[in-house]
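Below is one structure, written out as structure tokens; the observations come after it.
Atoms within each ligand, like the ligands themselves, are counted from 1 in listed order. One-based numbering along the sequence shown. All values below were derived from every heavy atom in this structure, side-chain atoms included, with hydrogens, water molecules and symmetry-related copies excluded.
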Amino acid sequence: MRYDWTIDEIESLFNLPFNDLLFRAQQAHRLHFDANQVQLSTLLSIKTGGCPEDCKYCPQSSRYETEVESELLMAKEKVITAAKAAQEQGATRFCMGAAWREPKGRAFEMVLEMIQDVRAMGMETCATLGMLTDEQAAKLKSAGLDYYNHNLDTDPEYYKEIISTRTYEERLDTLKSVRAHGMSVCCGGIVGMGESRRHRAGLVAQLNHMNPHPESVPINMLVKIEGTPMQALEDLDPLEFVRTIAVARITMPSSYVRLSAGREAMSDEMQALCFLAGANSVFYGEKLLTADNSDAERDQALFARLGLQAEQANTPSSRRIVNG
Ligand code: SAM
Ligand code: DTB
Ligand code: SF4
């Protein structure tokens, strides 16, 4: 396994003829996974809106006028009801998201209880709550948290164009604490924010340099939300998005690569190309956090069209056992 891909090398992958790139991605994928399986995670926004951070893509920042209203932390009972519904629909992982810079006080304690209860249902648990202290990471682990999602979002150079209220280093520190306490890392980014191909290669290089690689790598297509500074950006070439998935697959061959935000606006054919490029996980259910997602019925029809099987609970693996 390599943890030292250079940006130049990754950019050369991006520059390959499309067929060569997808062929390499399929080869890498098949060495490590059953290529016809897809893992399903369901998201729930447990604390919506009113976030003090200034992430330019985000509808939940209090700095932008969007349709998202600020809400209080959701009651635990409602969270459990949503987790049960997700489990019944076939999701194996439940991811709770909060529009916080960092968790604090009583609200954090309440999230720990939610995690315990979802874990007790036999689902994998994931949370995305912003920056963590080492102590908070330890408490999340003790509560039964399996995955922590914290994205690098973009290349370190481009980052300052997107967020000013927290540094790249702070993100890396949170990820270190998550790892140090034995949780799996879910870490990826967003493409289509006006970055260059070189920046996309830079993001993938940062992810590749983590040792071990993040177990789960969400690749989000920017969802352009009215009211955010990114609402009127030009669309990224869809094939460039597919290339990004392929490059993530080749450089992090044993990680789950998640075709994440933006699926609602993608055709079935585009999603099929993403699966061919090595995506093997999706967010499943009608909502992401606040934005619409492709709904479960459409996904079931798509999986049937493609002969894809949803990964089952407690058989954590379409992952093949291979060396290296
Ligand atoms: N507040 C926490 C944080 O930022 O870490 C957790 C929630 S935050 C909404 C989780 C991730 O959602 C962000 O890191 C970003 O990658 C993604 N995201 C937010 N808005 C998005 C959008 N409009 N399009 C695509 N991805 C988005
Ligand atoms: C990730 O990488 N994408 C998800 C999840 N991790 C938390 C969030 C996407 C958010 C899209 C915009 C919204 O729903 O508000
Ligand atoms: Fe807040 Fe997270 Fe949105 Fe940034 S991405 S504004 S931290 S909710």
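No more than 12 heavy-atom neighbours from other residues, nucleotides or ligands sit within 6.0 angstrom of CD on Glu157. The environment of Lys84 atom NZ is sparse: at most 12 non-hydrogen atoms of other residues, nucleotides or ligands sit within 6.0 angstrom. The neighbour count for Phe23 CZ, taken as heavy atoms of other residues, nucleotides or ligands under 6.0 Å away, does not exceed 12. Other residues, nucleotides and ligands contribute at most 12 non-hydrogen atoms within 6.0 Å of the CD atom of Glu226. Surrounding CD of Glu286 are at most 12 heavy atoms belonging to other residues, nucleotides or ligands under 6.0 Å away.
A salt bridge between Glu215 and Arg179 is present, with a side-chain N of the basic residue lying under 4.0 Å from a carboxylate O of the acidic one. Between Arg2 and Glu9 a salt bridge is recorded (basic side-chain N to carboxylate O distance below 4.0 Å). The pair Arg166-Glu53 counts as a salt bridge, with a side-chain nitrogen and a carboxylate oxygen less than 4.0 angstrom apart. Under the 4.0 Å criterion applied to side-chain N and carboxylate O atoms, Arg198 and Asp155 are not assigned as salt-bridge partners. Between Lys176 and Asp134, none of the side-chain N atoms (NZ, or NE/NH1/NH2) sits under 4.0 Å from a carboxylate O, so this pair counts as no salt bridge. Glu240 has a carboxylate O that lies under 4.0 Å from a charged side-chain N of Arg200, or vice versa, which qualifies the two as a salt bridge.
Residue Leu289 has at least one heavy-atom neighbour below 4.0 Å for each of these atoms of ligand 1: 9 (C). Residue Ala98 has at least one heavy-atom neighbour below 4.0 Å for each of these atoms of ligand 1: 1 (N), 2 (C), 6 (C), 7 (C). Distances below 4.0 Å separate heavy atoms of Thr128 from the following atoms of ligand 2: 7 (C). Close approach of ligand 2 to Leu43 is summarised as follows: ligand atoms under 4.0 Å from at least one heavy atom of the residue are 4 (C), 5 (C), 7 (C). Every atom of ligand 3 with a heavy atom of Tyr57 under 4.0 Å away is listed here by number and element: 5 (S). Distances below 4.0 Å separate heavy atoms of Asn220 from the following atoms of ligand 2: 1 (C), 2 (O), 3 (N). Every atom of ligand 3 with a heavy atom of Arg166 under 4.0 Å away is listed here by number and element: 7 (S). Close approach to Met221 involves these atoms of ligand 1, each under 4.0 Å from a residue heavy atom: 25 (C). Residue-ligand proximity, Pro218 to ligand 2, at heavy-atom distances under 4.0 Å covers atoms 2 (O). Set against the non-hydrogen atoms of Ala261, the atoms of ligand 1 under 4.0 Å away are 25 (C).
Looking only at atom types and distance, the side chain of Asn151 has no donor-acceptor partner in the side chain of Arg171 under 3.5 Å away. Donor-acceptor pairing under 3.5 Å is recorded for the side chains of Asn208 and His213. With no hydrogens or angles considered, a side-chain donor-acceptor pair links Asp54 and Ser164 at under 3.5 Å.
Among all protein heavy atoms, the one lying closest to atom 12 (C) of ligand 2 is Ala291 CB, 4.1 Å. What sits closest to atom 6 (C) of ligand 1 on the protein, heavy atoms only, is Thr128 OG1, 3.1 Å. If you check which protein heavy atom lies closest to atom 6 (N) of ligand 2, you get Asn149 OD1, 3.3 Å. Among protein heavy atoms, the minimum distance from atom 5 (C) of ligand 2 is reached at Phe283 CZ, 3.6 Å.
A cation-pi contact, defined as under 6.0 Å to the ring centre and within 45° of the axis, links Arg93 to Tyr147. A cation-pi arrangement is absent between Arg243 and Phe18, since the terminal nitrogen or guanidinium carbon is not both under 6.0 Å from the aromatic centre and inside a 45° cone about the axis.
Taking only nitrogen or oxygen atoms, main chain and side chain alike, Gln60 does not reach within less than 3.5 Å of ligand 2. Where the criterion is an N or O separation shorter than 3.5 Å, residue side chain and backbone included, Leu289 meets it with respect to ligand 2. Residue Leu129 has no nitrogen or oxygen atom sitting less than 3.5 Å from a nitrogen or oxygen atom of ligand 1, judged on distance alone. For ligand 1, one of its N or O atoms has an N or O atom of Val223 under 3.5 Å away. Geometrically, ligand 1 and Trp100 share a nitrogen or oxygen pair separated by less than 3.5 Å. Backbone and side-chain nitrogen or oxygen atoms of Arg171 are examined, and none is located within less than 3.5 angstrom of a nitrogen or oxygen of ligand 1. Between Asn151 and ligand 1, at least one N/O pair is under 3.5 Å apart. Where the criterion is an N or O separation shorter than 3.5 Å, residue side chain and backbone included, Thr290 meets it with respect to ligand 2. On a distance-only criterion, Asn151 and ligand 2 share at least one N/O pair closer than 3.5 Å. Taking only nitrogen or oxygen atoms, main chain and side chain alike, Leu288 does not reach within less than 3.5 Å of ligand 2.
Glu113 pairs with exactly one of Lys139, Lys76, Arg119 by the salt bridge (charged side-chain N to carboxylate O under 4.0 Å, His left out) rule, that one being Lys76.
Contact record, Met123 with Ala91: CE-O, 3.3 Å, taken as the closest heavy-atom pair.
For the residues Asp153, Ile219, Leu132, the heavy atom positioned nearest atom 14 (O) of ligand 1 is part of Asp153. One option in Lys56, Glu102, Arg166, His150 has a heavy atom closer to atom 4 (O) of ligand 1 than any other, and that option is Arg166.
The closest donor-acceptor contact from the side chain of Asn220 to the backbone of Leu222 lies at 3.5 Å or more, if one exists at all.
At least one heavy atom of Gly130 sits less than 4.0 Å from an atom of ligand 1.
In this structure, atom 20 (N) of ligand 1 has protein heavy atoms in its sub-4.0 angstrom surroundings. Protein heavy atoms are found inside the 4.0 Å sphere centred on atom 1 (Fe) of ligand 3.
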For Leu43 and Phe94, run side-chain contact (heavy atoms from CB on, under 4.5 Å): C-alpha distance rounded to whole Å, both residues' side-chain angles, the deciding distance at 0.1 Å, then the answer.
CA-CA 6 Å; Leu43 282 167; Phe94 192 65; over 6 Å; no
Decide yes or no on ring pair (Phe, Tyr, Trp, His ring centres under 6.0 Å) for Tyr158 and His199, but give the supporting numbers first.
CA-CA 7 Å; Tyr158 196 61; His199 290 136; 4.8 Å; yes
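Contacts between Ile225 and ligand 2, counted as non-hydrogen atom pairs separated by less than 4.0 Å, are absent for every part of the residue. If you look at Glu102 next to ligand 3, there are no close heavy atoms at all, none under 4.0 Å. When heavy-atom distances to ligand 1 are checked against a 4.0 Å cut-off, Ile190 comes that close only through its side chain, counted from C-beta outward. Proximity of Val223 to ligand 2, defined as any heavy-atom pair under 4.0 Å, is not found for any part of the residue. Only the side chain of Pro59 comes within 4.0 Å of ligand 2, judged by heavy-atom distances.
Below the 2.8 Å limit, atom 4 (Fe) of ligand 3 has as protein N, O or S neighbours Cys55 SG.
Pro238 is not listed as a side-chain neighbour of Met266, based on a closest heavy-atom distance of 4.5 Å or more.
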